[in-house]
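These notes concern the structure reproduced below.
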Amino acid sequence: MSDLLANLNPEQLQAVTLPPQHALILAGAGSGKTRVLTTRIAWLISTGQMGPHAVLAVTFTNKAAKEMLARLSAMLPINTRGMWIGTFHGLCNRLLRAHHKEAGLPSLFQILDSADQLSAIKRLLKNLNVDDEKFPPRELMHFINAHKDQGLRPAQAEVWDDYTRRRVELWAEYEGQCQREGVVDFAELLLRTYELLSRNEPLRRHYQERFRHILVDEFQDTNRLQYAWLKLLAGHDGTAGAPQGAAVFAVGDDDQSIYAFRGAEVGNMRDFEREFGVQNVIRLEQNYRSHGNILDAANALIKNNQGRLGKNLWTDQGAGEPIRVFEGFSDLDEARWIVDEARELIREGVSRDQIAFLYRSNAQSRVLEHELFTKGVAYKVYGGLRFFERQEIKHALAYLRLLANPDDDTAFLRVVNFPTRGIGARSLENLQEAAHRSNSPLYNAAASLTGKAGAAVGAFIRLIEELRRETENLPLPEVVEHIIERSGLRQHYLGEKEGQERLENLDELINAAASFIAEEGAMPVPDPATPDAPLPSPLASFLAHASLEAGDHQAGDGQEAVQLMTVHAAKGLEFDVVFISGLEQGLFPHENSVMEKSGEEEERRLMYVAITRARQRLYMSHAQTRMLHGQTRYCVPSAFLDELPQELLLRVNARSTPAYDNSYSRSPRAAAPVTAYESAAPAGLRVGQNVSHAKFGQGVIVATEGRGADARVQVNFGAAGMKWLALEFAKLTPL
DNA sequence: TGGAGGGGAGTTTTT
DNA sequence: CTCCCCTCCA
């Protein structure tokens, strides 16, 4: 045990060894929060304060959950299998599988991922003859999910106009459809579990009594429903007669809250502190990742946010390098400089995968990729399709889903005619109509179809029935292999020009099934606390796994490569060298964020996350012009750059560096293509012109419109925002 | 049934 | 500009 606590700093040690009370750990970037979390669990177990089954540890990502399990296994001589450590969704899935009856779900309920959910909504709108122009499926999906993330059902939704009334009706229809088909979406996993536990007292008591310690990772990312879920499980819901609850150990960093747009509520941290009467608030401020200059910059930046819980990172590693700031004439110029700088570092021996290019929006990767490709630097872009999201994989899974649950219309429609078997859109329309009339799944309605179409659909149904029979007693990997052959998927892709990779992926799916069985599905462990609960079948578990864990992002080739990703995707990662590009008003901070309340603060936190990814070297860059939506935009440097202590920055000017001289840095004006507007611009005020305004300060003209008395110009004033000004009235001084 | 071509949108995203 | 989605036509 002394081993366990060795090398913890005083704050970490204090957090790990707190008495069994509620605690809030404010864990700064790079302060060893995962270590504290796992050591806390190990300490509680090894000191005999609780058994492994009395802990519930929740994370947001599978990666974090796996990491925790791995570290725990390394610390303790216990089998972590069967411990309740996982993602919110994974744990809810587990609960719902064990108590599906009480939750009103079929035992083999399927989980819809976002793509499945979208197609389910599209299908619903079609069946109900709803104009999808008026009710865009994506928007409706977001509406539904946002409400469910708040813990709401259609009956509780606030309705403020006819449009919303209709959306709520459609949402209710959607819920009905999911129920009929035996499928649940991501938000439903949580909401259904929450409702199950709040309505079913014995069950609630059972779990409340069982979990003595609840640990939550990335607490700042919890949404309202997740917080309510935690309160319920912790026995802190105000229910009369609730047993003495679990101790909640919440770890988070309000400064790294960057997911408000998907429902995360930083306010949960304050609420938690208040509602749980938290006595133990511990700040982990010693940073083990970055050099001092980097931390100083991050601290100075984040100080500009209001209402923080407060935290200041420090390190004993020394100041390190200054932060290098580069201004390019264009986005291309910027990319060239970044890539050249990276090549220089690689020459000096920095490993490629210790170099990260971070950006605010995915579109920015294009110009960087182009430059990397041109210069022959290996790179890897994060954010593409993931394994289980690939077309061929989803097709194969749809067959498997139909074996498990024939009511799953989403799966049915996905493969009823893939590979093509002569079932046209017309037949499917008829089938859907018949199903709608008889209020039955497509699978059952198929029998009512007559004629040629009926025969074709009938053959498909028979195929599924045969597959079910043939695979009944096969081990999972063989089931997968069998359906890939018998469904005709393999044959189909064999005949396709670009089919080679898809075939490889299908083979990989068989491997995935095999390793899934090897790792977790081999012999499902009965939960000691609920020994009577049905054990999930390997197929059902595998399908849930596929939905809940879509796999790694497309990682490109395995070789050492420069890492490209959005700042969001970089959260939780660290690199020796980090480049943050596109530091321009409107891009970072993003223009759409200024509309949202406290949007600027979230952008600042995002910047804070970006900065704190760097261990040794940090580069920041911006460009004077940037191609955006096919047009050249004139940009002013990000206000965030001004918020950094200037003495930490080293301005690197391309022209002062011989290597960059006239090789590609052209004059800014010459580099800027003439836009269509420009011909109409009044003399002296052109797009790209720097101007000064009495009230708004310095800015740059980004667009002009009209002539004479009607002439207006759009000016980007940086921190003061983007303004349209009538030349007749506004006093603009060219600079 | 699939390919071509028009139209529209273009922050961030895990489960 | 470029990508994606939908529709329409052969």
Side-chain angles (χ1 to χ4, degrees), chain A residues 58-65 86-93 111-119 122 126 132-133 136-139 141-142 145 148-149 184-191 193 217-218 221-223 225-226 257-264 331 358-367 370 382-384 386 388-389 417-428 496 544-553 565-572 582 586-596 599 602-603 605-607 609-610 626-633 673:
Chain A
V58 205
T59 64
F60 275 86
T61 65
N62 292 297
K63 199 173 152 198
T87 63
F88 278 100
H89 295 85
L91 295 171
C92 285
N93 175 53
I111 300 166
L112 301 184
D113 66 18
S114 317
D116 297 330
Q117 188 187 16
L118 186 62
S119 58
K122 283 183 183 166
K126 204 162 221 167
D132 59 4
E133 305 259 288
R138 278 181 184 285
E139 197 276 335
M141 174 160 103
H142 180 257
N145 290 342
K148 290 170 85 163
D149 284 345
V184 299
D185 58 45
F186 287 136
E188 186 72 24
L189 282 171
L190 275 143
L191 187 48
T193 307
D217 191 16
E218 305 280 17
D221 287 339
T222 51
N223 62 33
L225 176 56
Q226 285 158 339
S257 161
I258 56 173
Y259 285 114
F261 71 92
R262 64 176 198 213
D331 47 352
L358 307 185
Y359 35 78
R360 173 69 240 264
S361 70
N362 286 303
Q364 288 169 256
S365 77
R366 171 176 284 277
V367 62
H370 177 81
Y382 284 81
R386 296 184 298 174
F388 285 108
E389 292 168 353
N417 196 35
F418 192 97
T420 51
R421 34 179 82 88
I423 301 169
R426 199 47 169 280
S427 320
L428 287 180
E496 211 178 50
H545 165 83
S547 302
L548 291 175
E549 195 169 343
D552 285 334
H553 273 291
M565 66 193 83
T566 62
V567 179
H568 282 93
K571 190 175 164 214
L587 191 59
F588 201 175
H590 198 277
E591 54 203 345
N592 294 2
S593 72
V594 300
M595 319 292 296
E596 294 153 28
E602 175 133 330
E603 294 290 306
R605 288 192 293 269
L606 196 52
M607 182 71 184
V609 168
R626 181 174 298 275
M627 273 300 255
L628 212 61
H629 307 335
Q631 277 199 317
T632 303
R633 283 245 300 228

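Every chain is numbered from 1 and lettered A, B, ... according to where its sequence line falls, protein lines coming before strand lines.
- In this entry the distance linking CD1 of A:Ile111 with P of B:dT15 reads 13 Å, nearest Å.
- One can place CD of A:Gln117 at 15 Å from P of B:dT14, the figure rounded to the nearest angstrom.
- The existence of a salt bridge linking A:Glu549 and A:Lys63 is excluded, since no basic side-chain nitrogen approaches an acidic carboxylate oxygen closer than 4.0 Å.
- Counting distance only, with no hydrogens placed and no angle test, the side-chain atoms of A:Thr566 and the base atoms of B:dT11 include no donor-acceptor pair under 3.5 Å.
- Nucleotide B:dT13 holds its C1' atom 10 Å from the CD1 atom of A:Ile258, rounded to whole Å.
- Annotation: of the two residues near DNA chain B, A:Ala550 and A:Asn417, the 5′-most nearest-nucleotide partner is A:Asn417.
- Ionic pairing of A:Asp221 and A:Arg262 is not present here: no N-O contact between side-chain nitrogen and carboxylate oxygen is shorter than 4.0 angstrom.
- Side chain of A:Asn93 to main chain of A:Ala544: no donor-acceptor pair is present (N/O by atom type, distance under 3.5 Å, no hydrogens or angles).
- When distances are taken from the side chain of A:Ala569 to each of B:dT13, B:dG10, B:dT12, the shortest belongs to B:dT13.
- Under 3.5 Å, the side chains of A:Asn145 and A:Gln117 contain a donor-acceptor pair of N or O atoms.
- Straight-line distance from the CG atom of A:Asp185 to the C1' atom of B:dT14: 14 Å, rounded to whole Å.
- Regarding A:Tyr259, its OH atom lies at a distance of 6 Å from the P atom of B:dT14, rounded to whole Å.
- By the side-chain hydrogen bond (donor to acceptor under 3.5 Å, both in side chains) test, A:Asp113 pairs with A:Lys394, sequence neighbours left out.
- Close placement of the A:Phe261 and A:His568 rings is indicated, their centers lying within 6.0 Å of each other.
- Straight-line distance from the CG atom of A:Leu587 to the C1' atom of B:dT11: 9 Å, rounded to whole Å.
- Here the side chain of A:His568 is nearest to one of B:dT1, B:dT11, B:dT13, namely B:dT13.
- Atom-to-atom, CE of A:Met627 to P of C:dC3 comes out at 13 Å; the value is rounded to the nearest Å.
- Counting any heavy atom pair closer than 4.0 Å across all strands shown, A:Asp113 reaches no nucleic acid atom.
- Here A:Phe60 lies in heavy-atom contact (under 4.0 Å) with sugar-phosphate atoms only.
- Of the listed nucleotides (B:dT13, B:dT15, B:dT12), B:dT15 has the atom at the smallest distance from the side chain of A:Arg386.
- DNA chain B is contacted by both A:Gly630 and A:Arg421; A:Arg421 maps to the nucleotide lying nearer its 5′ end (nearest heavy atom per residue).
- For the C1' atoms, the distance linking C:dC6 with B:dT11 amounts to 24 Å, nearest Å.
- The side chain of A:Glu603 approaches B:dT11 more closely than any other nucleotide in the set B:dT15, B:dT11, B:dT13.
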Please list each protein N or O that sits under 3.5 Å from an N or O in nucleotides 5-10 of chain C, with the distance.
| unit_1 | atom_1 | unit_2 | atom_2 | d |
| --- | --- | --- | --- | --- |
| C:dC6 | OP1 | A:Lys122 | NZ | 3.0 |

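- OP1 or OP2 of B:dT12 sits under 4.0 Å from a side-chain N or O of A:Asn362.
- Picking from B:dG2, B:dT13, B:dT11 the nucleotide with the shortest atom distance to the side chain of A:Thr420 gives B:dG2.
- Here A:Glu596 lies in heavy-atom contact (under 4.0 Å) with a base.
- At the heavy-atom level, A:Phe88 lies nowhere under 4.0 Å from the strands shown.
- Nucleotides B:dT13 and C:dC4 have their P atoms positioned 15 Å apart, rounded to a whole Å.
- Of the candidates B:dG10, B:dT15, C:dT2, C:dT2 carries the atom nearest the A:Arg366 side chain, counting heavy atoms from C-beta on.
- What separates CE of A:Met565 from P of B:dT12 is a distance of 15 Å, to the nearest Å.
- A stacked arrangement is not assigned to A:Phe186 and the six-membered base ring of B:dT14, the conditions of a centre distance below 5.5 Å and an interplanar angle below 30° not being jointly met.
- Put simply, the side chain of A:Gln631 never gets that close to the backbone of A:Met627: no donor and acceptor are under 3.5 Å apart.
- A donor-acceptor pair under 3.5 Å is formed between the side chain of A:Asn223 and the backbone N or O of A:Gln226.
- No side-chain donor-acceptor contact under 3.5 Å links A:Glu603 to the backbone of A:Ser593.
- A:Asn62 comes within 4.0 angstrom of sugar-phosphate atoms only, judged by non-hydrogen atoms across all strands, and of no base.
- Nucleic acid contact for A:Ser593: none, since no nucleic acid atom lies under 4.0 Å from a heavy atom of the residue.
- Both geometric conditions, a ring-centre gap below 5.5 Å and a plane tilt below 30°, are fulfilled for A:His590 over the base of B:dT11.
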